[in-house]
Colleague: 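What follows is a structure written as structure tokens; I'll ask about it next.
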Amino acid sequence: MADPKGFLNHGREVAKTRPVGERVQDWNEVYVPGSLLPIISTQASRCMDCGIPFCHNGCPLGNLIPEWNDYAYREDWSAASERLHATNNFPEFTGRLCPAPCEAACVLGINQPAVTIKNVEVSIIDKAWETGDVAPQAPERLSGKTVAVIGSGPAGLAAAQQLTRAGHTVAVYERADRIGGLLRYGIPEFKMEKRHINRRIEQMRAEGTKFRTGVEVGRDIDAAKLRKRYDAVVIAAGATTARDLPVPGRELKGIYQAMEYLPLANKVQEGDYVTTPVSAEGKHVVVIGGGDTGADCVGTAHRQGAASVTQLEIMPRPGEERSAGQPWPTFPMLYKVTSAHEEGGERVYSVSTTHFEGDEDGNVQWLHLVEVAFVDGKLTQKPGTERRIPAQLVTLAMGFTGTDRENGLVDQFGVDLDERGNIARDGDFHTSVPGVFVAGDAGRGQSLIVWAIAEGRSAARGVDRFLTGASDLPAPIRPTDRSLTV
């Protein structure tokens, strides 16, 4: 363990963010570069000898958190990196983007601020890249088997890397022009700079993974041809069908799905555009949806120079402390202030959009809303609370309903779906079609990055066993596993 008295002698200290006035002028990550290393050993020392580390259960990957906390405390960065990579292919992604269910399950968090597990994680991996401890791990020999992975998000990349290292010849198919899925185009640069993805891709290329961009399975290549060409296929296409808002005025110009708006801003950072085709500059922006994607839209609008930003949420405002109905170690629904919210804007809870109003040219100008409340378990509008707010750019960030069905991928493979419309799978992540597997949101439904990586690793074991009859690859979760929540 780390310092036996660390949690008694030291309080929780998190990464420092750059001043708001500075960071909204650029797209770099919001944290002060290098601010973690001077404090991270002390923070790692707060990891206590808790007997049963519930953080293992809070993390779908089963990360060996107490072990790499101990190494970080002792500043043995090479050993810490080795333990970190033992369970997680891409800790620099999760260390920046995961909401840290491990911290919610930290035993210290019962009556004190939890260990800064996420900050320790990202410090270890950033140090590992800096010192050259992250190197390609090419297989010693090839199996002669081939695998196609459809989708290059965290699930697809994790499955591809595991299978490549197992000796199979793997090709990743991505319909976008660059590898990374929603990591590339759905996550703004200020949350994770894309250089972190680029160097992982180079590592995977050096290991032997092949990448095919600009190829949409179902449209550009038929599923039957893909099955004939490869010994196994992993569908990791995500759950990209966005939930819509069917209210009067939805057809007005200026109303976009979040995943229509955010990728354009990222493409500017990639150099594809000088300025984004859809900009918030000088506009009154309304973001519908109170989750992380909504916060990404808020931060993006700030950087584009919005006149105002308002974020709407249909649910009541969460509390700032655990409620009795969400006891430790479940993941609590708390009032969350992200870096984007620190930068300004208004957050409005318990409201529902009734309709949009436009100008004579068909551009959205106003959003009409009404306050709502739960009465006898049903969402009910409050009479007399109707009002309108200015809205010249509206983004819909209300989540996703399932895998894209329009491109023909699901129908061409002929896979069965479960009762929620996700691709059904067995205990090995095998679909109803022999040799076709599924990992990530395509089989689980909309979820977190850490679950996607865990699914990719587990599905890789299923594929490996299908191809060779046995597998030594780790499988951190089962298809039926769910997050530790209420």
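Side chains are part of it too, since the values below use all heavy atoms of this structure and drop only hydrogens, waters and symmetry mates.
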Colleague: Is a salt bridge present between Glu103 and Lys118, judged by a nitrogen-to-oxygen distance below 4.0 Å?
Modeller: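 Not counted as a salt bridge, because no side-chain N and carboxylate O are separated by less than 4.0 Å.
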Colleague: Are any non-hydrogen side-chain atoms of Thr241 and Arg405 less than 4.5 angstrom apart?
Modeller: no
Colleague: Taking only Lys NZ, Arg NE, NH1 and NH2, and the carboxylate oxygens of Asp or Glu, determine whether Asp177 and Lys267 approach each other closer than 4.0 Å.
Modeller: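 Yes, this pair counts.
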Colleague: Check this for me, if you would: do Asp418 and Arg444 make a salt bridge, where the nitrogen-to-carboxylate-oxygen distance has to be below 4.0 angstrom?
Modeller: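 The answer is no: the pair does not qualify as a salt bridge.
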Colleague: Taking Gly6's backbone N and O only, do any of them form a donor-acceptor pair with Arg46's side chain (distance below 3.5 Å, no angle check)?
Modeller: no
Colleague: Using a strict 4.0 Å threshold on nitrogen-to-oxygen distance, state whether Glu29 and Lys191 make a salt bridge.
Modeller: no
Colleague: Can you tell if the side chain of Gln112 reaches within under 4.5 Å of the side chain of Phe7, non-hydrogen atoms only?
Modeller: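 Yes. Closest side-chain heavy atoms under 4.5 Å.
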Colleague: Is it true that atom CZ of Phe400 has more than 12 heavy atoms of other residues, nucleotides or ligands lying nearer than 6.0 Å?
Modeller: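 Buried by this count: over 12 neighbours within 6.0 Å.
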Colleague: Do Glu189 and Lys194 sit within salt-bridge range, that is, some charged N less than 4.0 Å from a carboxylate O?
Modeller: yes
Colleague: Are the side chains of Ile201 and Phe211 in contact, using a 4.5 Å heavy-atom criterion?
Modeller: yes
Colleague: Compare all side-chain heavy atoms of Glu121 with those of Pro91 and state whether any distance is below 4.5 angstrom.
Modeller: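 The answer is yes, as the side chains (C-beta and beyond) meet within the 4.5 Å cut-off.
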Colleague: Would you indicate whether the side-chain heavy atoms of Thr300 and Trp27 approach each other to under 4.5 Å?
Modeller: yes
Colleague: Quick one, Glu342 and Val337 - any side-chain contact, counting heavy atoms below 4.5 Å?
Modeller: yes
Colleague: Cation-pi between Arg23 and Phe190: NZ/CZ under 6.0 Å from ring centre and within 45° of the ring axis?
Modeller: no
Colleague: Between Phe466 and His430, is the ring-ring contact (aromatic ring centres under 6.0 Å, His included) condition met? List the steps.
Modeller: CA-CA 9 Å; Phe466 170 77; His430 211 155; 5.2 Å; yes
Colleague: Kindly check if the number of other-residue, nucleotide or ligand heavy atoms within 6.0 Å of CD1 (Ile52) is above 12?
Modeller: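 Counting other residues, nucleotides and ligands, CD1 of Ile52 stays at 12 neighbours or fewer.
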